[in-house]
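Below is one structure, written out as structure tokens, with a few remarks after it.
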Number of protein chains: 2
Amino acid sequence: MKNYSKQREAIITVLRDMKTHPTASAVYEKVKEIIPNISLGTVYRNLAALRESGDILAISIGDGFDHFDGDKKPHIHLHCRECKEITDLYLTEDPAAAFAMSQGFEPDTSVYIVSGICKDCISKKQIKI
Amino acid sequence: MKNYSKQREAIITVLRDMKTHPTASAVYEKVKEIIPNISLGTVYRNLAALRESGDILAISIGDGFDHFDGDKKPHIHLHCRECKEITDLYLTEDPAAAFAMSQGFEPDTSVYIVSGICKDCISKKQIKI
DNA sequence: ATAAAAACAGTAATGATTACTGATTTTGAG
DNA sequence: CTCAAAATCAGTAATCATTACTGTTTTTAT
């Protein structure tokens, strides 16, 4: 007696399909293409619930917005502090989760955020010098 | 001609010493012990600047507050969705950062967030059954 | 079919964070 | 050591992403 609604299904679908890491309002804009009269509050409520249950991930990069990620496969987020872009990097396995497990922790989702300077920004910087 | 103030220094000191992952206002409360008349706005301004420059890390766990971390040594955050607690797990090296580097990305800070259920909550759950 | 439970749309309220202002501190050149 | 420009500050007002609320609709499980 819980959890289903076509709105929630649409939100999950949108998140699974988006390859970016959308904010709540970006999700809202996208979901409106499926359910035009969906409410922004519904998007927030469902994102919060999905995050709480571990079905999606949320990350904060300091731009004032939460960013959501529907991809539960363990992967690294490369976050460039220069251009602010987040790109994904997939590992064939998840060494840290394995380590966490060996400590008695039952992992179900994980995100690695590596902050630094991306390839493009490094070359841009070198041109400027 | 930039960046120094005793307020900023106190904020960094507090963050380096705190073993928890304090919110902005927890930092504020702590810094007040050093500089009693410091302003909350100053704390926010400096936290934002330090985060921007990569001197500290900020993480979002869905409680409505940003949490800050002054420890730049690569480590895992074990985030329990049950009790909400974050505990640190140190690795002898940082395999993901090394992998990022091999992709042409220059890493300087990284955090791994592994969400799941911690030891204590697992045993509590089993008692309930 | 149907009644209780859950979720919704729409909107108002909240409160963490940011922006602003005039005062103070820091910096670096002379 | 001045001293003025630049940066930062304290204090407070404003912002705006997110949450809460209300009456309605959908879902669920008998």
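Just so you know, these numbers use all the heavy atoms, side chains as well, and skip hydrogens, waters and symmetry mates. Below, chain A is the first sequence line, B the second, and so on; all start at residue 1. Being a predicted model, the structure only gives us computed values, none of them experimental.
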May I ask you to test the A:Ile59-A:Ile86 pair for a side-chain heavy-atom distance under 4.5 Å? yes
Under a 4.5 Å cut-off applied to non-hydrogen side-chain atoms, are B:Asp71 and B:Arg16 in contact? no
Determine, for B:Arg51 against B:Asp66, whether the closest basic-nitrogen to carboxylate-oxygen distance falls under 4.0 angstrom. yes
Output the rounded distance in Å from [atom1] ([X]) to [atom2] ([N]).
X       : N      : atom1 : atom2 : result
A:Asp63 : C:dT17 : CG    : C1'   : 13 Å
B:Glu9  : C:dT26 : CD    : P     : 10 Å
A:Tyr4  : D:dT25 : OH    : C1'   : 15 Å
A:Ile35 : C:dG10 : CD1   : C1'   : 16 Å
A:Lys6  : D:dT28 : NZ    : C1'   : 16 Å
B:Lys32 : D:dC9  : NZ    : P     : 17 Å
B:Asp66 : D:dC16 : CG    : C1'   : 15 Å
B:Leu40 : C:dA19 : CG    : P     : 14 Å

Check: B:Thr23 side chain, B:Ala26 main-chain N or O, donor-acceptor pair, under 3.5 Å: yes
Ignoring hydrogens and angles, tell me if any N or O in the side chain of B:His67 forms a donor-acceptor pair with the backbone of B:His21 under 3.5 Å. yes
Hey, is the side chain of [X] poking within less than 4.0 Å of OP1 or OP2 on [N], counting only N and O atoms?
X       : N      : result
A:Asn37 : C:dC8  : no
B:Gln7  : D:dA10 : yes
B:Ser5  : D:dC9  : yes
B:Asn3  : D:dT8  : yes

Map B:Gly64 and B:Ile38 onto DNA chain D by nearest heavy atom, then report which one ends up closer to the 5' terminus. B:Ile38
Out of C:dA16, C:dA9, D:dA10, minimum distance to the side chain of A:Thr42 belongs to C:dA9
Winner on side-chain proximity to A:Arg45, out of C:dT17, D:dA10, C:dA9, is C:dA9
For A:Arg8 and B:Phe68, take the nucleotide of DNA chain C holding the closest heavy atom to each; which residue's nucleotide lies nearer the 5' end? A:Arg8
Scan A:Tyr44 against the nucleic acid and name what it touches under 4.0 Å (heavy atoms): base, sugar-phosphate only, or nothing. base
